[in-house]
Amino acid sequence: MLFRAALEDVELAMVPPIDTMHIVNTVHQYHIWSSRSPGDLCHRHDPLSDAPQPQSSSQPHNLTTSRLLNNPPFSSLHTHFINMTVIDKVKEALHIGHSDKHDAASTASASTSAPAPAQAQADGETAVVPQLTDTPAFDKARVTVIFVLGGPGAGKGTQCEKLVQDYGFAHFSAGDLLRAEQNRPGSTFGAMISEYIREGKIVPMEVTIKLLENAMRDALLHPPSFPEGSTLAESWKDGKGLFLIDGFPRKMDQAIKFDESVCESSFVLFFSTTEEVMLERLMERSKTSGREDDNRESIVKRFRTFVETSMPVVDYYRQRGKVVEIEASPPVNVVYANVRVAIDQRVGLVAPA
Ligand SMILES: Nc1ncnc2c1ncn2[C@@H]1O[C@H](COP(=O)(O)OP(=O)(O)OP(=O)(O)O)[C@@H](O)[C@H]1O
Ligand SMILES: O=c1ccn([C@@H]2O[C@H](COP(=O)(O)O)[C@@H](O)[C@H]2O)c(=O)[nH]1
């Protein structure tokens with residue numbers, strides 16, 4: 001079976017038999033849960049789940065997609081799913097269109113080159129479509145979110161590490177969370193994430209936003225500990241929190257949905273430098289990083305995605321006066337001195353000397 005899912009509270013008879021897209025949307029609208037498996041990220045068994053308990057197979061009204069697809073008038077949808085690649089299947093289940101030229105081109109090429117293991121993994125597993133809300137999970141008066149953007153290898157992670165040390169931020173890299181999910185035993189999105197990362201493409205927003213939201217929730221529940229009464233402790237008191245969200249949002253849909261369903265960001269730290277500098281840094285990093293996308297072919301694709309898909313996000317925030325641009329070419333400590341000025345001015349935090 002290609003895409004098994006447990007649908008809660010829906011009877012077959014209740015699903016209106018209209019066209020294929022309508023059915024896919026209907027599938028998406030109802031709650032789709034996976035069986036859950038242990039994971040170790042941020043205290044969660046499943047970092048994509050916001051349900052307190054796994055779905056029990058004995059629950060009433062438990063309708064699998066396989067049953068749905070095998071029943072007329074849905075069987076044509078079944079055939080449709082059989083002919084799809086991993087990325088297509090996920091896009092369709094998440095009802096994401098092939099809206100931009102780059103995505104369409106990359107998907108087309110993936111459809112002829114999808115690796116067998118990825119296909120096998122997607123074929124045998126349960127689909128999880130994370131559900132995002134229409135209202136923010138966190139109050140921006142208590143939770144400070146700073147987005148950290150810049151091209152691949154600009155030095156975002158390096159600067160974030162220093163900010164964590166000095167200011168007590170919780171740092172979540174969207175790429176790291178995706179890689180952890182990719183490697184989590186039992187993840188139904190592992191193969192899909194791997195394929196997107198290798199192609200330098202942006203994973204469907206539902207997955208990334210849910211990973212970020214859950215990581216933030218866990219950090220608020222288990223805040224870092226600081227000496228009582230210190231400025232850093234104050235930042236995490238009474239449900240308050242300070243977050244660096246690194247390498248996100250990379251696409252406009254993510255930017256808008258994160259604001260809507262997680263928390264409005266305060267501002268964007270944007271690290272700018274040339275592709276030449278970034279390429280050199282990434283090639284150096286590739287000697288030790290073990291990252292499957294730290295190779296020349298993936299790096300070129302990532303650069304293209306950055307220019308075509310992510311720079312419009314930076315421009316969107318720039319038009320709203322929310323971008324602090326930092327020249328990222330100089331040595332780490334020179335860059336960091338400018339970062340500190342920006343943080344001190346914009347957040348009003350004072351790091352220990
Ligand atoms: N200012 C700098 N000068 C020289 N090297 C740097 C500088 N900043 C970071 N580096 C090095 O460049 C490489 C990329 O840095 P880093 O991993 O922080 O980039 P990134 O923007 O987080 O990358 P990605 O988007 O791919 O995750 C690392 O090996 C890091 O040590
Ligand atoms: O919001 C995001 C962030 C990242 N990705 C994918 O992950 C890789 C690696 O990201 P890094 O920030 O360089 O660690 C990126 O190329 C994307 O494929 C994503 O899909 N969505």
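First listed ligand is number 1; within each ligand, the first listed atom is number 1.
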> Relative to ligand 2, is Gln254 under 4.0 angstrom through side chain, backbone, both or neither, heavy atoms considered?
Replying inline: side chain

> For ligand 2, which atoms have a heavy atom of Phe248 less than 4.0 angstrom away?
Replying inline: 1 (O)

> Does the pair Arg291/Asp176 count as a salt bridge with the N-to-O cut at 4.0 Å?
Replying inline: no

> Looking only at distance, does Asp246 have an N or O less than 3.5 Å from an N or O of ligand 1?
Replying inline: no

> Do any N or O atoms from the side chain of Thr144 and from the backbone of Lys140 form a donor-acceptor pair under 3.5 angstrom?
Replying inline: no

>> Checking a contact table here: which protein heavy atom is nearest atom 19 (O) of ligand 1, and how many Å away?
In response: Gly155 N, 3.2 Å

> Under 4.0 Å from any heavy atom of Arg179, which atoms of ligand 2 are there?
Replying inline: 9 (C), 14 (O)

>> Once you restrict to heavy atoms under 4.0 Å, what part of Thr208 touches ligand 2? Side chain, backbone, both or neither.
In response: side chain

>> Under a 3.5 Å cutoff, is there a donor and acceptor pairing between the side chains of Thr133 and Ser261?
In response: no

> Any cation-pi pair here, Lys162 with Tyr336, using under 6.0 Å and within 45°?
Replying inline: yes

> What do you reckon, does Arg291 have a nitrogen or oxygen under 3.5 Å from a nitrogen or oxygen of ligand 1?
Replying inline: yes

> What do you reckon, does Ser173 have a nitrogen or oxygen under 3.5 Å from a nitrogen or oxygen of ligand 2?
Replying inline: no

> For Ser329 and ligand 1, does the shortest N/O to N/O distance drop below 3.5 Å?
Replying inline: no

>> For ligand 2, which is the ligand I care about here, please tell me if Ala174 has any N or O atom under 3.5 Å from one of the ligand's N or O atoms.
In response: no

> Taking non-hydrogen atoms only, is Gln182 closer than 4.0 angstrom to ligand 2 via side chain, backbone, both or neither?
Replying inline: neither

> Between Thr158, Val148, Val335, Val332, which one has a non-hydrogen atom sitting closest to atom 30 (C) of ligand 1?
Replying inline: Thr158

> What's the shortest distance from atom 20 (P) of ligand 1 to any protein heavy atom, and which residue and atom give it?
Replying inline: Lys156 N, 3.5 Å

> Side chains of Glu327 and Ser329: is there a donor and an acceptor less than 3.5 Å apart?
Replying inline: yes

>> Return the closest protein heavy atom for atom 10 (N) of ligand 1 as residue, atom name and distance.
In response: Arg281 CD, 3.9 Å

> Of the backbone atoms (N, CA, C, O) and the side-chain heavy atoms from C-beta on, which set of Thr305 has a member under 4.0 Å from an atom of ligand 2: side chain, backbone, both, or neither?
Replying inline: neither

> How about Phe147 and Phe258: are their ring centroids closer than 6.0 Å?
Replying inline: yes

>> If we set the cut-off at 4.0 Å for heavy atoms, which region of Asp293 has an atom near ligand 2: side chain, backbone, both, or neither?
In response: side chain

> Can you list the steps and then say if Gln182 with Glu292 is a side-chain hydrogen bond (donor to acceptor under 3.5 Å, both in side chains)?
Replying inline: CA-CA 12 Å; Gln182 174 192 325; Glu292 60 184 327; 2.9 Å; yes

> Less than 3.5 Å between some nitrogen or oxygen of Pro152 and one of ligand 1, yes or no?
Replying inline: no

>> Suppose we measure from atom 17 (O) of ligand 1 to each protein heavy atom; which comes out shortest, and what is that distance?
In response: Arg285 NH1, 2.7 Å

> Quick one: nearest non-hydrogen protein atom to atom 1 (N) of ligand 1, plus distance?
Replying inline: Pro330 O, 2.8 Å

